[in-house]
J.: 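What follows is a single structure, and I will ask about it in a moment.
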Amino acid sequence: MIREDLISALHRAAAACGAAAPDDLALDVPRQREHGDWSSNLAMRVAKEAGRNPRELATELVGALEAMDLAHVERIELAGPGFINFHLAPTWVHDVVRDVVERGAGYGAGADLAGRRINLEFVSANPTGPLHAGGGRWIAAGDAIANLLAIRGAEVSREYYLNDTGNQLNLLKASLAARYRGEPLPDDGYVGDYVVELARELRDAHGGDLADDDLCELGLQRIIDGIRSDLERIGVQFDTWFSERTLHERGDVAAVLTLLREGGETYEHEGAEWLRTEQHGDTRDRVLVRSDGTTTYLCNDLAYHRDKFARGFTHLINIWGSDHHGQVKSLQAGVEAVTGQVDEPEIILGQLVRLVRGGEEVRLSKRAGNVVTLADILDEVDGDVARMTFLLQSLDTKQTFDLDVVTSQAMDNPVYYVQMAHARIASIARKATDAGVDRRPIAEVDLGPLRHAREVETLRKLAVFPDVVADAAAERAPHKIAHWALEFSGLFHGFYHDCRVLGEDDDVTQARLWFNEACRIGLANALAVLGVSAPETMVRLDDAGDDADGDRGAASPAPSGVRE
RNA sequence: GCCCUCGUAGCUCAGGGGAUAGAGCAUCGGCCUCCGGAGCCGUGUGCGCAGGUUCGAAUCCUGCCGAGGGCGCCA
């Protein structure tokens, strides 16, 4: 591919000029088209340490590059303070088509994470109630990040940690028992309607004589089933559901305590047992065993993370809401004390979702009826819409999830813009087949006719997809894929508007059929990373009302507006 | 008080050392004998403020202002 060729050429040119090019040599697509197809700041990067004037060095580099007679390169210019700009013949994008088609579903894949066994823990909401709407962000992001890591070669395991013991669960038990027996809720009890409903369901199914423990177990199971159901609806499959109880039952918690005590990492103070986390970078020491003898969340979590390493993972990643950022140092310090592993687990912090309905923020009030669950959202929009909405924004930005916009105006949702592009691509291929126009083997097809500005621009964007994937994976930033998909779809819609595939001269049709196929691959791969379906057809807006259950096939996302 | 994250167009957000800062929505105005108009094209006095580092800062550093979050033997 052209990018690798140019980078390689730059390295050779640098060597020829007596300068060493850095490993992370920048080769970018300039914002201004006049600045060429690709641009490098190599001269400016190395001028200082080489003791050279940037423009002078760049002149020399350009000379060396010109002497290489590089494929597709029409002109190399020195510009501005020392940029080296490559102007390519439009033919370079033809190689992009061939490359994409050849790689197929593997286009965008890489091996930079090969050999890594990564455990990605996300969601992990306490099983004391249904998943909150805001939790959808962690679900969508976690699944997409897992896909990103996998596509770059890592072996990724998605894990859900069930905190099925401890204070929160006791509180659930007390709350459930109170509702079940019609007694007043305990202080700080769970006031949500779901507890009332749960109590009623359990009474209906098992009568009114359940003991508190049984009540709690049955309720817990129902809540977990509900969480699983929500995750299924949004299309996320976890590899492992890890129960905190097993840590206690197997003696893992006791074992980690013994380990730490033997290592001299703990001490007694005011009746509690503390871990010297400050020695490992925390702001202060933390309690492992309370004065009542119970272990803290941190203590249990250390046993948990020790277990993850014991299962053979080489790297651990947790996705947390930013409201937990205060625990990052403590956990990492503790894990270092337990395992010796530094900077583990990696914590991806995401800003919380701000829910807005009717122009007003839906506060996470403890008052019943004010909690918006993920299931509520999925009742109104399909999983693709929810996912795309969550994924469009950087995890660093607190997200405003406007329920009115996402639900009642679902037609404007960017996900349909992207899916429509994919459906159009599929439609063109279908029409070609119906018309008896067969796509000849790409090796026999001259892609020369692909020189329309729409085609070239679309292929330029397609060409950077692997770079975007690599960057998104390294940054744990799935929104970059969402934005690429959006931009790419826009370019394809532009092509579709201005260019026709069928009904043109045969050589044009053949070239464009392959262009179309390359676009399909790129878009499908991007959607696969996002976990959003790539439909062959869309349900027509004007058909949706009276024929929502038509024969369009399961792949067709039903516009949410169909439902009242 | 200390710590973390974030302040970019009317709104929601990209861009996070490179050359003239972008998109969607909204506004206003164009485009349908056409592979599906859920489309295309045009329309923009914006990087919170002040210093600093650099050949170059929206981007990195410091301070201030503003928003959110965190500072438990809760999770």
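Predicted model only: the values in this text are computed from it and were never measured. Heavy-atom basis, side chains included; hydrogens, waters and symmetry copies ignored. Each chain gets a letter, A, B and so on, in the order the sequences are listed, and its residues count up from 1.
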J.: Once you apply the 3.5 Å cut-off to both distances, tell me the Watson-Crick or G-U wobble partner of C60(B), or none.
T.: G52(B)
J.: For Tyr267(A) and C73(B), give me the distance from atom OH to atom P, rounded to whole Å.
T.: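 Computing the Tyr267(A):OH to C73(B):P distance gives 11 Å.
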J.: Do Asn318(A) and Glu346(A) meet the criterion of a side-chain donor-acceptor pair at a distance under 3.5 Å?
T.: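 Distance-only check fails for Asn318(A) and Glu346(A).
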J.: Identify the nucleotide, in any strand shown, that forms a Watson-Crick or G-U wobble pair with A23(B), with both distances under 3.5 Å; if there is none, say none.
T.: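 Pairing partner: U12(B).
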J.: With a non-hydrogen cut-off below 4.0 angstrom, is Glu487(A) in contact with a base, only sugar-phosphate, or nothing?
T.: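 No contact at all - Glu487(A) keeps every heavy atom at 4.0 Å or more from the nucleic acid.
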J.: Can you tell me the Watson-Crick or wobble partner of G17(B), both distances under 3.5 angstrom?
T.: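 Paired with G17(B), as far as the under-3.5 Å criterion goes, is no nucleotide at all.
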J.: Validate the cation-pi geometry between Arg286(A) and Trp274(A): distance from NZ or CZ to the six-membered ring centre under 6.0 Å, angle to the ring axis within 45°.
T.: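 Cation-pi check for Arg286(A) and Trp274(A): fails.
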J.: Mind telling me whether His269(A) and Tyr267(A) have parallel, tilted or perpendicular rings, with 30° and 60° as the class edges?
T.: tilted
J.: Mind checking who G72(B) pairs with, Watson-Crick or G-U wobble, both distances under 3.5 Å?
T.: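 No nucleotide pairs with G72(B).
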J.: Is any side-chain N or O of Lys431(A) closer than 4.0 Å to OP1 or OP2 of G36(B)?
T.: yes
J.: Is any side-chain nitrogen or oxygen of Arg284(A) closer than 4.0 Å to OP1 or OP2 of C2(B)?
T.: no
J.: So what does Asn126(A) touch, heavy atoms closer than 4.0 Å: a base, only the sugar-phosphate, or nothing?
T.: sugar-phosphate
J.: Output the single nucleotide from U54(B), G16(B), C71(B) whose closest atom is nearest the side chain of Lys480(A).
T.: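 Minimum distance to the Lys480(A) side chain belongs to G16(B).
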J.: With a 6.0 Å cut-off on ring centres, are Phe488(A) and Phe465(A) close enough?
T.: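 They do not qualify: ring centres at least 6.0 Å apart.
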J.: Under the salt bridge (charged side-chain N to carboxylate O under 4.0 Å, His left out) rule, what do Glu278(A) and Arg276(A) come out as? Steps first, then yes or no, please.
T.: CA-CA 5 Å; Glu278(A) 190 172 353; Arg276(A) 300 183 197 280; over 6 Å; no
J.: Tell me which nucleotide among C35(B), G69(B), C73(B) gets nearest to the side chain of Leu502(A).
T.: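 My answer, after comparing the listed nucleotides, is C35(B).
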J.: So, for Tyr417(A) and His493(A), is the gap between ring centers shorter than 6.0 Å?
T.: yes
J.: Using atom C1' in both nucleotides, what's the gap between C60(B) and C47(B) to the nearest angstrom?
T.: 15 Å
J.: Taking O4'-C1'-N9-C4 for purines and O4'-C1'-N1-C2 for pyrimidines, is C32(B) syn (within 90° of 0) or anti?
T.: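 With its glycosidic angle within 90° of zero, C32(B) counts as syn.
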J.: Using atom P in both nucleotides, what's the gap between U45(B) and G37(B) to the nearest angstrom?
T.: 33 Å
J.: Closer than 4.0 angstrom, basic N to acidic O: yes or no for Arg3(A) and Asp467(A)?
T.: yes
J.: If you only use heavy atoms from C-beta on, which nucleotide in A75(B), C40(B), C55(B) is closest to the side chain of Met44(A)?
T.: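 Of the options given, the side chain of Met44(A) lies nearest C55(B).
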J.: Considering every strand and a 4.0 Å limit on heavy-atom distances, what is the contact class for Asn85(A): base, sugar-phosphate, or nothing?
T.: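 Touches a base.
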J.: Within this structure, what is the CG-to-C1' distance between Asp467(A) and G15(B), rounded to whole angstrom?
T.: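 Checked: the CG to C1' distance equals 16 Å.
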J.: Name the closest nucleotide to the Ser394(A) side chain, picking from A14(B), G39(B), G36(B).
T.: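 Nucleotide nearest to Ser394(A)'s side chain: A14(B).
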J.: Would you check if His35(A) stacks with the base of A19(B), given a 5.5 Å centroid limit and a 30° plane limit, both strict?
T.: yes
J.: Is the distance from OP1 or OP2 of C40(B) to the nearest side-chain N or O of Tyr417(A) less than 4.0 Å?
T.: yes
J.: For Cys299(A), report the nucleic acid contact type (base, sugar-phosphate, nothing); a contact means any heavy atom under 4.0 Å.
T.: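 The answer is nothing, as Cys299(A) stays clear of every strand by at least 4.0 Å.
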J.: Of all the nucleotides listed (G70(B), A21(B), G36(B)), which has the minimum atom distance to the side chain of Met420(A)?
T.: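 Side chain of Met420(A) sits closest to G36(B).
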J.: Which nucleotide in the set C6(B), A58(B), C55(B) lies at the smallest distance from any side-chain heavy atom of Arg31(A)?
T.: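 Taking heavy atoms from C-beta onward, the closest nucleotide is A58(B).
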J.: Could you check whether the side chain of His325(A) and the base of G70(B) have a donor-acceptor pair of N or O atoms closer than 3.5 Å, going by distance alone?
T.: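 Checked by distance alone, the answer is no.
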J.: Classify the nucleic acid contact of Glu34(A) as base, sugar-phosphate or nothing, counting any heavy atom under 4.0 Å across all strands shown.
T.: base
J.: Would you indicate which nucleotide in A19(B), G36(B), A75(B) comes nearest to any side-chain atom of Ala79(A)?
T.: A19(B)
J.: When the distance from CG of Asp323(A) to P of C74(B) is rounded to whole Å, what number comes out?
T.: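 One finds 18 Å between P of C74(B) and CG of Asp323(A), rounded.
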J.: Can you tell me how far C1' of G16(B) sits from CZ of Arg476(A), to the nearest Å?
T.: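 One finds 17 Å between C1' of G16(B) and CZ of Arg476(A), rounded.
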J.: Under 4.0 Å, counting only non-hydrogen atoms across every strand here, what does Glu270(A) touch: a base, just sugar-phosphate, or nothing?
T.: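 Base contact - Glu270(A) has a heavy atom under 4.0 Å of at least one base atom.
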J.: Is any side-chain nitrogen or oxygen of Gln351(A) closer than 4.0 Å to OP1 or OP2 of U5(B)?
T.: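 For Gln351(A), the contact criterion (side-chain N or O under 4.0 Å from OP1 or OP2 of U5(B)) is not met.
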J.: Is there a side-chain polar atom (N or O) of Thr397(A) under 4.0 Å from OP1 or OP2 of A14(B)?
T.: yes
J.: Under 4.0 angstrom, heavy atoms only, what part of the nucleic acid is Pro54(A) near: base, sugar-phosphate, or nothing?
T.: nothing
J.: In Watson-Crick or G-U wobble terms, both distances under 3.5 Å, what is the partner of G46(B)?
T.: none
J.: Does the side chain of Arg424(A) get closer than 4.0 angstrom to OP1 or OP2 of G37(B) through an N or O atom?
T.: yes
J.: What's the CZ-P distance between Arg33(A) and U20(B), to the nearest Å?
T.: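 Spelled out: CZ on Arg33(A) to P on U20(B) is 17 Å.
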J.: Checking base pairs now: Watson-Crick or wobble, both atom distances under 3.5 Å. What partners C6(B)?
T.: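 In the structure as shown, C6(B) has G66(B) as its Watson-Crick or wobble partner.
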J.: Does the side chain of Tyr297(A) get closer than 4.0 angstrom to OP1 or OP2 of G72(B) through an N or O atom?
T.: no
J.: Check the phosphate of G15(B) against His479(A), side-chain N and O only, distance under 4.0 Å to OP1 or OP2. Yes or no?
T.: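 Yes.
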J.: Looking only at side-chain atoms of His483(A), point me to the closest of C13(B), G37(B), C6(B).
T.: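 Closest of the options to the side chain of His483(A): C13(B).
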J.: Both distances under 3.5 Å, Watson-Crick or G-U wobble: report the partner of C35(B), or none.
T.: none
J.: Does a side-chain N or O of Arg454(A) approach OP1 or OP2 of C41(B) to a distance below 4.0 Å, or not?
T.: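 Yes, because at least one side-chain N or O of Arg454(A) sits under 4.0 Å from OP1 or OP2 of C41(B).
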J.: Using a distance-only criterion (donor-acceptor N/O pair, under 3.5 Å, no hydrogens), is the base of A19(B) paired with the side chain of Ser39(A)?
T.: yes
J.: Between Arg137(A) and Phe390(A), is NZ or CZ placed under 6.0 angstrom from the six-membered ring centre and within 45° of the ring axis?
T.: no
J.: Should Arg290(A) be listed as having a side-chain N or O under 4.0 Å from OP1 or OP2 of C74(B)?
T.: yes
J.: OP1, OP2 of C13(B) versus side-chain N and O of Thr400(A): anything below 4.0 Å?
T.: yes
J.: Between Tyr160(A) and Phe242(A) (judged by ring centroids, cut-off 6.0 Å), do the two rings come close enough to count as a pair?
T.: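 Between Phe242(A) and Tyr160(A), which both carry aromatic rings, the centre distance is not below 6.0 Å.
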